[in-house]
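Take a look at the structure below.
On a predicted model such as this, the values are computed, not experimentally measured, just so you know. Letters A, B, ... mirror the listed sequences (proteins, then strands); counts begin at 1.
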There are 2 protein chains.
Amino acid sequence: MNSVEELLTSHGVKPTPQRVVIAEYVMNTCCHPTADQILQSVADRLPVSLSRATVYNTLNTLVQSGVIREVFTEPGPARYDANLDRHHHFVDTKTGKIFDIPWQEVPQLPQELAGKYKVHGCQITFFGQMED
Amino acid sequence: MNSVEELLTSHGVKPTPQRVVIAEYVMNTCCHPTADQILQSVADRLPVSLSRATVYNTLNTLVQSGVIREVFTEPGPARYDANLDRHHHFVDTKTGKIFDIPWQEVPQLPQELAGKYKVHGCQITFFGQMED
DNA sequence: TTCTGCAATTAGACTAAGTCTAAAAGCAGA
DNA sequence: TCTGCTTTTAGACTTAGTCTAATTGCAGAA
Ligand SMILES: [Mn+2]
Ligand SMILES: [Mn+2]
Ligand SMILES: [Zn+2]
Ligand SMILES: [Zn+2]
């Protein structure tokens, strides 16, 4: 069960060593890591030096092929997420930590989310194209 | 009816000439402008040169005091919005243009919004703090 | 009216996040 | 083995925004 290699292949992505360790890292971490965190954490799992360009190239490839998703939480760098289930995110504006919010936990967008978070704001953005 | 001066004052913001023209511009444009667009458009309405730092300082002041809101639509720079009504945004990923989506037009987050937009993705992020 | 002191503004240096480029390395098939 | 495409690399570059230190603007005190 070479699962990550198979996963990449099944998404049309050639499983190079760099891509495998990056995908593995994103899939096994809980914390929505940034590109820089991934670079730091993954560099010594490879026999060669790992370039920043490769990290960004790989993350973009994985996002475009649907292996992971990108989470934008301004201010700050993009975060990466292997949880493809439809879900929201909660950003603690003091610590910067990100928490997953299950889709069904938001019945109508509230001021308090399940008593666990104090919501100060909410950004909802749809991406796509106008009808031609 | 010096309305912009009064609006700023009522929000606790001293209405300097720079702040007034910037606030006026954001309130009278339809297009969710960026800081840079604001700088370009507003500079020649003032007898003095207008600094980029002042544009950012002013926009941050106006956001913090609740006169305008900030819209993050990665990739790209922050956009500013004088429409304080609760609403969503739609970003055309081809042109970068932003459209307001009335709050009630999104009954349950759909693939097609009122037949007008093709939605490829959606980012929902809540900001706030964890309960202590 | 002048003086004083804080608030606001300015130019430009600096930083953070990410992209681009040109060269090198790694493969897969002929 | 040779050939050509893909991937990776180091580092330059770009964009968006913040910071700094000096200057300017003004409101209130004297
Ligand atoms: Mn930003
Ligand atoms: Mn970004
Ligand atoms: Zn998530
Ligand atoms: Zn808007």
R19(A) or K14(B), whichever maps to the more 5' nucleotide of DNA chain D: R19(A)

N or O in side chain of S49(A) less than 4.0 angstrom from dA10(D) OP1/OP2: yes

N/O donor-acceptor pair under 3.5 Å between S65(B) side chain and T61(B) backbone: yes

Donor-acceptor pair under 3.5 Å, T16(B) side chain vs dA8(C) base: no

Euclidean distance, atom CG of residue N57(B) to atom C1' of dT10(C) [Å, nearest integer]: 10 Å

Closest-nucleotide ordering on DNA chain D, the 5'-leading residue of V48(B) and E70(B): E70(B)

Exam field: side chain R79(B) to backbone F72(B), donor-acceptor pair closer than 3.5 Å: no

Gap between atoms CG and P, on D36(A) and dA16(C) respectively (whole Å): 10 Å

Heavy-atom donor-acceptor pair, T29(A) side chain to Y25(A) backbone, under 3.5 Å: no

Nearest-angstrom distance from the residue atom CG of L39(B) to P of dT9(C): 14 Å

Atom pair distance, as rounded to whole Å: CG in L46(B) and P in dT24(D): 17 Å

Side-chain donor/acceptor of R52(B) to base of dG12(C), under 3.5 Å: no

dG17(D) OP1/OP2 closer than 4.0 Å to side-chain N/O of Y56(B): yes

Among D100(B), N83(B), T73(B), the one residue meeting side-chain hydrogen bond (donor to acceptor under 3.5 Å, both in side chains) with H32(B): D100(B)

Separation of atom CZ in R79(B) from atom C1' in dT15(D), rounded to whole Å: 15 Å

Side-chain N,O (Q18(A)) to OP1/OP2 (dT9(D)) below 4.0 Å: yes

Y56(A)-L46(A) co-clustered via ILVMFWY side chain contacts under 4.5 Å: no

Nearest-angstrom distance from the residue atom CD1 of I38(A) to P of dG18(C): 10 Å

Length of the CG-P vector between L62(A) and dT8(D), whole Å: 10 Å

d(CG, L59(A); C1', dT19(C)) in whole Å: 14 Å

Distance below 4.0 Å between N60(A) side-chain N/O and dT19(C) OP1 or OP2: yes

